[in-house]
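Each chain gets a letter, A, B and so on, in the order its sequence line appears, and its residues count up from 1.
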Amino acid sequence: MRRAFVSVEGIARRFPTTRGGPAQTVFENVWFGIEEGEFVCLIGHSGCGKTTILNILAGLDRASEGGVVVAGREIEGPSLDRAVIFQSHALLPWLTAEENIAFAVRSRHPGWSRAQVAEECQRWIDLVGLSSAAGKKPAQLSGGMKQRVGIARALSVRPKILLMDEPFSALDALTRGVLQDEVNRIVAETKLTAFMITHDVDEAILLADRILLMTNGPNAKIAEVVVNTLPRPRTRHDVHHLPGYAELRNYILDFLVDRSKRLAETMPSGWDPRRIPEVRPAVPA
Amino acid sequence: MRAARPLASLALSALLLVLFVGIWQLASLGSRVGNAVVDPEYAALVGAAAATGGQTPFPSPVEVGARILEHLADPFYVRGTNDQGIGVQLAYSLGRVLAGYGIAALVAIPLGFVIGMSPLLYGALNPFIQVLRPISPLAWMPLALYTIKDSAVSSIFVIFICSIWPMLINTAFGVASVRREWLNVARTLECSTWRTAFCVILPAAAPTIMTGMRISIGIAWLVIVAAEMLVGGTGIGYFVWNQWNNLSLADILTAILVIGLVGMALDQLLAVATRAVSYQE
Ligand SMILES: Nc1ncnc2c1ncn2[C@@H]1O[C@H](COP(=O)(O)OP(=O)(O)O)[C@@H](O)[C@H]1O
Ligand SMILES: [Mg+2]
């Protein structure tokens with residue numbers, strides 16, 4: 001069988017319970033792939049194990065069973081090739097915005113001179129529109145500005161894969177929209193492979209090529225894969241006018257509101273975790 | 001609490017000082033008029049000066065002020081081992097404190113770092129720290145004198161042993177409670193252990209470490225006076241003890257004031273350093 005660029009192969013994650021009882025299984029037997037240059041979103045309710053999956057992809061956590069293969073090699077731990085944009089932005093508060101980015105640039109290029117690092121930082125500061133905030137500490141920045149620094153820091157190491165854990169969920173709607181467009185543009189320009197967790201349906205439809213639908217936990221499963229057939233390039237302004245948008249959105253909402261809970265109890269017969277069914281709600285039957 | 005106006009506070013402080021000194025002056029005038037009786041037993045206890053010299057009245061602020069000026073005029077004279085300027089004595093004490101405190105910092109901070117990073121070591125060493133920490137540093141003095149046999153080095157050891165605990169505990173705590181997400185940032189950037197330690201953990205824990213260092217310097221300065229009273233020879237503590245034997249209360253009061261001021265200066269120094277490394281989340 002041909003392997004995808006990122007191939008998640010039968011991973012499980014179990015946490016020991018506090019009083020020595022049987023381990024609690026967050027999920028098991030999870031299989032999916034991400035092609036090179038593809039943008040995949042993972043949608044599911046809180047607590048189903050989305051962050052745990054992302055941490056395993058990042059190498060920050062280890063699967064209890066199974067493994068993740070990237071470009072033919074099983075991942076052993078974190079890597080500069082897999083950058084993470086954290087939900088809580090995770091900036092180092094004693095460094096300025098620019099120094100936070102410089103910290104990442106120096107990690108990728110330990111031999112670079114001060115001037116080279118500064119030049120590279122400037123590039124990313126300009127790209128994410130941070131010029132006025134470069135010299136400020138994170139505590140002095142708004143939520144949106146902080147997340148811009150987080151984006152610049154992740155991109156500045158020039159990763160092959162960008163992992164995002166609900167990067168915009170703490171932001172107001174306006175800021176969120178602006179940053180969605182920027183991430184969309186940058187990912188398309190740099191041909192990054194991207195994996196994003198979200199529970200914002202519109203965000204998923206705007207950004208993703210494929211959307212993984214996860215059932216409620218414990219023992220969460222990726223029940224279906226929604227293929228986003230809406231044509232690119234998409235922007236926030238026109239995406240909801242595209243034919244098929246409503247069908248796509250309703251399908252995902254139905255899943256979140258109703259089916260994610262029902263499917264958590266019983267999966268349909270014949271459902272195979274290794275061959276998750278693909279649906280194309282936007283394509284007229 | 002509402003923010004007080006700094007100028008008003010300052011004026012009130014000055015007023016209180018003037019009031020205190022004024023009452024003291026009046027009281028000392030009064031006691032001189034009255035016929036102070038010295039209990040002979042007490043006179044025998046306090047030594048020759050009190051017994052032969054009759055009454056040594058509590059000095060008035062004017063007398064203490066004059067003595068302070070004398071000390072300030074020539075703080076660094078040396079006229080034999082028992083008669084050295086207050087500046088010289090202070091320098092001895094400060095030297096011992098800085099030596100003991102410095103060595104303690106050199107041991108406590110790296111050790112605290114290792115303990116903070118390893119839950120195993122944290123658990124293993126915690127009982128020892130908990131038992132050793134509450135011991136009065138002066139309780140170590142006989143043991144130190146017995147093993148080291150040098151009074152100056154013994155007092156440095158006592159400073160070492162009393163200032164190590166707050167620094168050790170705070171460093172370990174600060175390092176252990178570095179936010180996991182900051183460590184994850186370092187991991188995704190493939191930072192080496194050293195780079196993570198110096199560029200992430202150290203700055204993250206620095207405010208907590210500095211707080212420990214500030215507590216330590218306060219304790220060290222408290223202990224040095226007592227330690228020097230015990231071992232004698234030199235230092236501000238010995239100075240106080242020596243002036244007590246001379247029954248020179250004005251000198252003792254001068255020394256007390258100086259001890260307070262130096263202690264405050266040390267504390268403020270560390271406070272400034274703490275502010276320099278603190279950050280806002
Ligand atoms: N370190 C941990 N120890 C025990 N349980 C954990 C730990 N981390 C996560 N979990 C559990 O795993 C489940 C999934 O967590 P998470 O991946 O954060 O969910 P999501 O990101 O989808 O909201 C939750 O029920 C949570 O309680
Ligand atoms: Mg999460």
Carefully, step by step, assess A/Val84 and B/Asn184 under the rule side chain to side chain contact (heavy atoms under 4.5 Å, CB included).
CA-CA 9 Å; A/Val84 182; B/Asn184 279 347; over 6 Å; no

After noting the C-alpha distance and the side-chain angles of A/Ser169 and A/Arg176, does the key distance pass the side-chain hydrogen bond (donor to acceptor under 3.5 Å, both in side chains) rule?
CA-CA 8 Å; A/Ser169 62; A/Arg176 189 187 317 152; over 6 Å; no

What verdict does the side chain to side chain contact (heavy atoms under 4.5 Å, CB included) test give for A/Val68 and A/Val70, after you've listed the backbone C-alpha separation in whole Å, the side-chain angles of each residue and the deciding distance to 0.1 Å?
CA-CA 7 Å; A/Val68 178; A/Val70 174; 4.2 Å; yes

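Contact of B/Ala204 with chain A is made through backbone and side chain together, with heavy-atom distances under 4.5 Å. Both the backbone and the side chain of B/Val200 come within less than 4.5 Å of a heavy atom in chain A. Using a 4.5 Å cut-off between heavy atoms, B/Arg179 does not touch chain A at all. For chain B, no part of A/Arg108 is nearby; none of its heavy atoms comes within less than 4.5 Å. Proximity to chain B (any heavy atom under 4.5 Å) is restricted, for A/Leu91, to the backbone atoms N, CA, C and O.
Comparing A/Leu80, A/Val157, A/Leu95 by heavy-atom pairs within less than 4.5 Å of chain B, the highest count is held by A/Leu80. With respect to chain B, the highest number of heavy-atom pairs below 4.5 Å among A/Ala104, A/Ser79, A/Pro138 belongs to A/Ser79.
At a cut-off of 3.5 Å, with distance as the only test, no side-chain donor of A/Glu120 or A/Ser156 sits close to an acceptor on the other residue.
Each of A/Phe103, A/Trp94, A/Phe86 was evaluated against B/Trp182; a single residue qualifies, A/Trp94, per the ring-ring contact (aromatic ring centres under 6.0 Å, His included) test.
Note: A/Phe195 and A/Phe32 have parallel aromatic rings, judged against thresholds of 30 and 60 degrees for the angle between ring planes.
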